[in-house]
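So the structure is just underneath, and the comments pick up after that.
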Number of protein chains: 2
Amino acid sequence: MAISEQQAKMAEGKRLVQGDKVYSTPIEVTLEVIGGKWKSVIAYHIIQGPQRFSELKRLIPDINEKMLTQQLRELERNEVITRTVFAEVPPRVEYRITEHGASLQPVLEAMCLWGRGHWQQLAAKP
Amino acid sequence: MAISEQQAKMAEGKRLVQGDKVYSTPIEVTLEVIGGKWKSVIAYHIIQGPQRFSELKRLIPDINEKMLTQQLRELERNEVITRTVFAEVPPRVEYRITEHGASLQPVLEAMCLWGRGHWQQLAAKP
DNA sequence: AACCATACTTACATAAAAGTAAGTGACTTC
DNA sequence: GAAGTCACTTACTTTTATGTAAGTATGGTT
């Protein structure tokens, strides 16, 4: 390792660097992939089994088509899911979890579990 | 349960309701508490042990004071952390995880682990 | 008296995320 | 041939999140 690199590392503390992006926790890396309002929810549904576009729309009633498409594309770009178009009319498109995406299961499961617990606490109080 | 309530539930599928908020997955509940760019990172650091404001600033170099205060307040409001002011000059304020907040550990750990793995994959490729 | 430290607060500005509504293409059924 | 299905796209608007920079209070140190 060059001295300048080393100095840079010491000056900035333990930080993860990737191209022009700098993270101070691996959590930030995860957020790049499943951060935001929809991505974790979408991934959670697809991890339960392959889903069509329309099925996801049904499963996530409040999402609109633009958001659904956009977030699916980003998940695809990050290799969390794959997109398969079937040459049929009307078209059929299937989204499946990748192996890499499947490794998100513990994260999504933990989030799901915690959310359920927190919701019950809220429901019990006021 | 009143019939109208029941009908409402059937019409809208399995959804969690809390006041004026409606969720279709417990994941959304979790996101209300630790969603966004900073909250999970902050909680992660405080879960490792009590931290002062200035220490958090040091641990999360890219955050600014306004954001740090704001997010700390929201974590406090959701009973994830507590805030203790010591009557000293200069002031000392300590943030600690609550019991409820400590239950986030599996979530944050999973996020951290996954982020590390994903980052290594990225680093190995290009 | 001037300066330092800590942990903020405030007003304001910018950027990013999310939402709305209308339209597209290819083929099927009525 | 009009209408319907599915999975989008596009242009545009609104909302939410995040950031900047300056200022505040208390009291200790020089």
Side-chain angles (χ1 to χ4, degrees), chain A residues 20-25 27-43 45-46 50-78 81-96, chain B residues 20-25 27-43 45-46 50-78 81-96:
Chain A
D20 52 346
K21 282 182 178 153
V22 180
Y23 310 96
S24 66
T25 318
I27 288 184
E28 294 170 34
V29 180
T30 302
L31 289 179
E32 291 254 319
V33 179
I34 53 159
K37 190 170 175 184
W38 301 115
K39 286 203 280 240
S40 51
V41 175
I42 295 171
H45 286 300
I46 298 179
Q51 307 285 354
R52 302 181 54 166
F53 188 84
S54 53
E55 184 62 7
L56 288 167
K57 244 167 64 179
R58 206 184 56 76
L59 290 167
I60 314 168
D62 293 342
I63 203 171
N64 59 53
E65 302 195 331
K66 188 201 130 191
M67 275 298 123
L68 184 50
T69 316
Q70 191 178 105
Q71 306 301 300
L72 284 166
R73 292 292 143 82
E74 288 179 30
L75 288 170
E76 200 190 349
R77 193 162 45 76
N78 285 304
I81 61 173
T82 57
R83 175 173 180 270
T84 313
V85 185
F86 294 87
E88 300 172 4
V89 169
R92 183 160 64 99
V93 179
E94 217 176 65
Y95 295 94
R96 290 176 171 271
Chain B
D20 52 346
K21 279 178 183 158
V22 180
Y23 310 96
S24 66
T25 317
I27 288 183
E28 294 170 34
V29 179
T30 301
L31 290 178
E32 290 254 320
V33 178
I34 54 160
K37 188 171 177 182
W38 301 115
K39 286 201 281 239
S40 52
V41 175
I42 296 171
H45 286 301
I46 298 178
Q51 307 286 352
R52 301 181 56 169
F53 188 84
S54 53
E55 184 63 8
L56 288 167
K57 244 167 62 179
R58 206 185 55 75
L59 290 167
I60 314 170
D62 293 341
I63 203 169
N64 58 50
E65 301 195 332
K66 188 200 129 192
M67 275 295 122
L68 184 51
T69 317
Q70 190 179 105
Q71 306 299 302
L72 284 166
R73 292 292 142 83
E74 289 180 27
L75 288 170
E76 200 191 350
R77 193 161 48 73
N78 285 304
I81 61 173
T82 57
R83 175 173 180 269
T84 313
V85 185
F86 294 87
E88 300 171 3
V89 168
R92 181 160 64 96
V93 178
E94 217 176 67
Y95 294 94
R96 289 175 172 271

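- For A/Ile81 and D/dA7, the CD1 to P distance is 14 Å, given to the nearest whole Å.
- Per the geometry, NZ belonging to A/Lys57 stands 14 Å off C1' belonging to D/dT9, to the nearest Å.
- One distance of note links CD1 of A/Ile34 with CG of A/Leu75; it measures 9.0 Å at 0.5 Å rounding.
- A/Gln71 CD to A/Glu76 CD: the interatomic distance, rounded to the nearest 0.5 Å, is 13.0 Å.
- Of the residues in residues 84-96 of chain A, those with a non-hydrogen atom less than 4.0 angstrom from any atom of DNA chain D are A/Pro90, A/Pro91, A/Arg92, A/Val93, A/Tyr95.
- Atom CD1 of A/Ile81 is separated from atom NE2 of A/His45 by 13.0 Å, given to the nearest 0.5 angstrom.
- Each of B/Arg73 and A/Glu65 was matched to the nucleotide of DNA chain C holding its nearest heavy atom; the match closer to the 5' end belongs to B/Arg73.
- Atom-to-atom, CH2 of A/Trp38 to P of D/dT16 comes out at 13 Å; the value is rounded to the nearest Å.
- Put simply, chain A comes within 4.0 Å of DNA chain C, heavy atom to any atom, from C/dA18 to C/dC27, going 5' to 3'.
- A/Arg83 has no side-chain polar atom (N or O) that falls below the 4.0 Å cut-off from OP1 or OP2 of D/dA7.
- Here the closest non-hydrogen pair linking B/Glu28 and A/Val41 is CG-CG2, 3.8 Å.
- Between the P atom of D/dT16 and the CD atom of B/Glu74 lies a distance of 13 Å, rounded to the nearest Å.
- Straight-line distance from the CG atom of A/Leu68 to the C1' atom of D/dA7: 10 Å, rounded to whole Å.
- For the atom pair NZ (A/Lys37) and CE (A/Met67), the distance works out to 9.0 Å, reported to the nearest 0.5 Å.
- The shortest heavy-atom contact between A/Arg52 and A/Pro91 is NH2-O, 3.6 Å.
- Here A/Ser54 lies in heavy-atom contact (under 4.0 Å) with sugar-phosphate atoms only.
- The two residues A/Asp62 and B/Val22 come nearest to each other via the heavy atoms OD2-O, 4.5 Å.
- As rounded to whole Å, 6 Å separates atom P of D/dT18 from atom CD of B/Gln71.
- Residue A/Phe53 contributes atom CZ, which lies 16 Å from atom P of D/dT5 at whole-angstrom precision.
- Between B/Ile63 atom CD1 and D/dG19 atom C1' there is a gap of 11 Å when expressed in whole angstrom units.
- Heavy-atom minimum distance, A/Leu31 versus B/Ser40: CD1-OG, 3.7 Å.
- The line from CD of A/Glu65 to CG of A/Leu68 is 8.0 Å long, rounded to the nearest 0.5 Å.
- Residue-level contact check: A/Lys37 touches the backbone only, with heavy atoms under 4.0 Å from sugar-phosphate atoms and none from bases.
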